[in-house]
Protein chains: 2
Amino acid sequence: MTSDPAELLRQNALSVTAQRLAVLRAVSARPHGTADTIAEDVRAEIGVVSKQAVYNALGTLVEKGLIRRIQPAGSPALYEDRVGDNHHHVICRSCGKTGDIDCAVGESPCLTAAVGIGAGAGFQIDEAEVIYWGTCPACLAAKPGN
Amino acid sequence: MTSDPAELLRQNALSVTAQRLAVLRAVSARPHGTADTIAEDVRAEIGVVSKQAVYNALGTLVEKGLIRRIQPAGSPALYEDRVGDNHHHVICRSCGKTGDIDCAVGESPCLTAAVGIGAGAGFQIDEAEVIYWGTCPACLAAKPGN
DNA sequence: CTCAAAATATGGACTCTTTCAATAAAAATG
DNA sequence: CATTTTTATTGAAAGAGTCCATATTTTGAG
């Protein structure tokens with residue numbers, strides 16, 4: 001097992017830098033954070049970091065599969081720690097709160113259902129991205145006419 | 001039935017303007033177009049149109065449910081004609097080609113599967129957005145090592 | 001058909017997120 | 001340690017959308 005972040009980076013042929021380690025920590029500490037909030041967290045930990053370094057680190061880590069990027073409509077990209085377990089997301093339309101939803105249909109849910117149907121015929125599908133849109137409990141309670 | 005676009009607008013309490021009619025036509029004529037390509041089509045039809053008018057029209061039409069907006073990660077928003085039939089989309093990672101995929105699981109597919117599970121508990125979900133990512137036939141053929 | 005009120009469109013500035021590029025600074029390598 | 005390679009920094013800039021004040025159209029009522 002590789003629970004050591006530095007070791008994790010080395011295993012992926014990446015230099016071990018303070019920035020990357022801090023980004024990695026920030027992402028686990030605050031799932032569903034944006035590049036911006038992550039940058040803040042990183043700065044709180046190691047001082048000055050360029051915005052670009054954060055974007056680079058996030059991009060590289062996503063490429064290597066160490067973290068996952070979610071890009072919901074109308075909001076900046078979010079990053080999270082949980083990878084490889086095919087889960088989906090639910091996002092609140094009014095406050096933007098994001099939650100995880102485990103896939104109810106085994107490994108690759110809707111994925112299998114769609115291959116080679118209709119206009120999508122012939123596509124080689126490698127990922128099914130599912131986002132549930134709705135209203136979170138807090139916003140439901142705050143809504144008028146409730 | 002209301003096959004007349006102008007009538008459609010009136011039924012939704014919208015003023016009938018040349019811009020809106022042209023936008024409506026452009027969206028049906030070219031499904032999965034971006035605000036930009038739609039603006040081009042509209043200009044080809046009625047001459048000068050401000051970018052803002054196109055965004056306004058698109059926004060309003062989406063609100064009224066006359067067209068649908070899709071916002072794939074890493075690309076501008078796309079608009080399409082087909083509404084109310086709960087279909088999904090497949091997007092090619094290399095060329096961006098977008099296709100429709102009918103839902104294989106009846107009315108609201110993955111939607112029902114998820115309510116009240118895990119961290120998403122308590123959310124009132126109103127839409128399940130599914131995007132399949134992969135490679136289209138053409139790009140598959142063009143790929144090296146094929 | 002005509003005019004005032006309401007709804008839209010125009011143009012241009014501006015925001016936000018992300019990327020590019022050149023230079024400087026750290027890591028990895030032997 | 002010295003060198004080579006990989007990263008980080010900084011500042012500019014692109015892309016997509018939005019905001020605002022003003023000018024035009026539509027609508028609806030005489």
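A note on names: the letters A, B, ... follow the listed sequences, proteins ahead of strands, and every chain is numbered from 1. For clarity, every value in this text was computed on a predicted model and none was experimentally measured.
To the nearest angstrom, P of C/dT8 lies 15 Å from CG of B/Leu58. Atom pair A/Lys51:NZ and C/dC16:P shows a separation of 12 Å (rounding to whole Å applied). Residue A/Asn12 contributes atom CG, which lies 14 Å from atom P of C/dA28 at whole-angstrom precision. Atom pair A/Ile70:CD1 and C/dT18:P shows a separation of 13 Å (rounding to whole Å applied). Atom CG in B/Leu14 sits about 15 Å away from atom C1' in C/dA9, given to the nearest Å. If you take CG of B/Leu78 and P of D/dA16, they are 11 Å apart, rounded to a whole angstrom. One can place CG of B/Leu9 at 9 Å from P of D/dT27, the figure rounded to the nearest angstrom. Nucleotide D/dA13 holds its C1' atom 14 Å from the OH atom of A/Tyr55, rounded to whole Å.
The side chain of A/Ser15 has D/dT7 as its nearest neighbour among D/dT7, C/dT10, D/dT27. Distances were taken from every side-chain heavy atom of B/Val48 (C-beta onward) to each of C/dG11, D/dG17, C/dA9; the shortest belongs to C/dG11.
Between B/Lys97 and B/Ile91 there is no side-chain heavy-atom pair separated by less than 4.5 Å. Looking at heavy atoms from C-beta onward, A/Val27 lies in side-chain contact with A/Ile38 at the 4.5 angstrom threshold.
Classification of A/Arg93 and B/Glu127 as a salt-bridged pair holds, one side-chain N sitting under 4.0 Å from a carboxylate O. Note on A/Arg10 versus A/Glu7: salt bridge recorded, some NZ/NE/NH1/NH2 to OD/OE distance being below 4.0 Å.
Only B/Gln19, B/Arg20, listed by number, bring a heavy atom of residues 19-42 of chain B to less than 4.0 angstrom from any atom of DNA chain C.
If one axis is set at each end of the helix from C/dC1-D/dG30 to C/dG30-D/dC1 from five pairs, those axes are 40° apart, to 10°.
Under the 3.5 Å distance criterion, with hydrogens and angles disregarded, a donor-acceptor pair is assigned to the side chains of B/His32 and B/Asp100. Residues A/Glu80 and A/His89 bring a donor and an acceptor atom of their side chains to less than 3.5 Å of each other.
Among the heavy atoms of the strands lying under 4.0 Å from A/Ala77 are primed sugar atoms or P, OP1, OP2 only; no base atom is included.
Annotation: A/Gln52, atom CD; neighbour count of heavy atoms from other residues, nucleotides and ligands within 6.0 Å is above 12. By the neighbour-count criterion of 12 heavy atoms within 6.0 Å, atom CD of A/Glu45 is densely surrounded, having more than that number from other residues, nucleotides or ligands.
Checking A/Gln52 against A/Thr60, the closest nucleotide of DNA chain D that is more toward the 5' end is the one next to A/Thr60.
Note that the OG1 atom of A/Thr17 and the CZ atom of A/Arg20 stand 5.0 Å from one another [nearest 0.5 Å].
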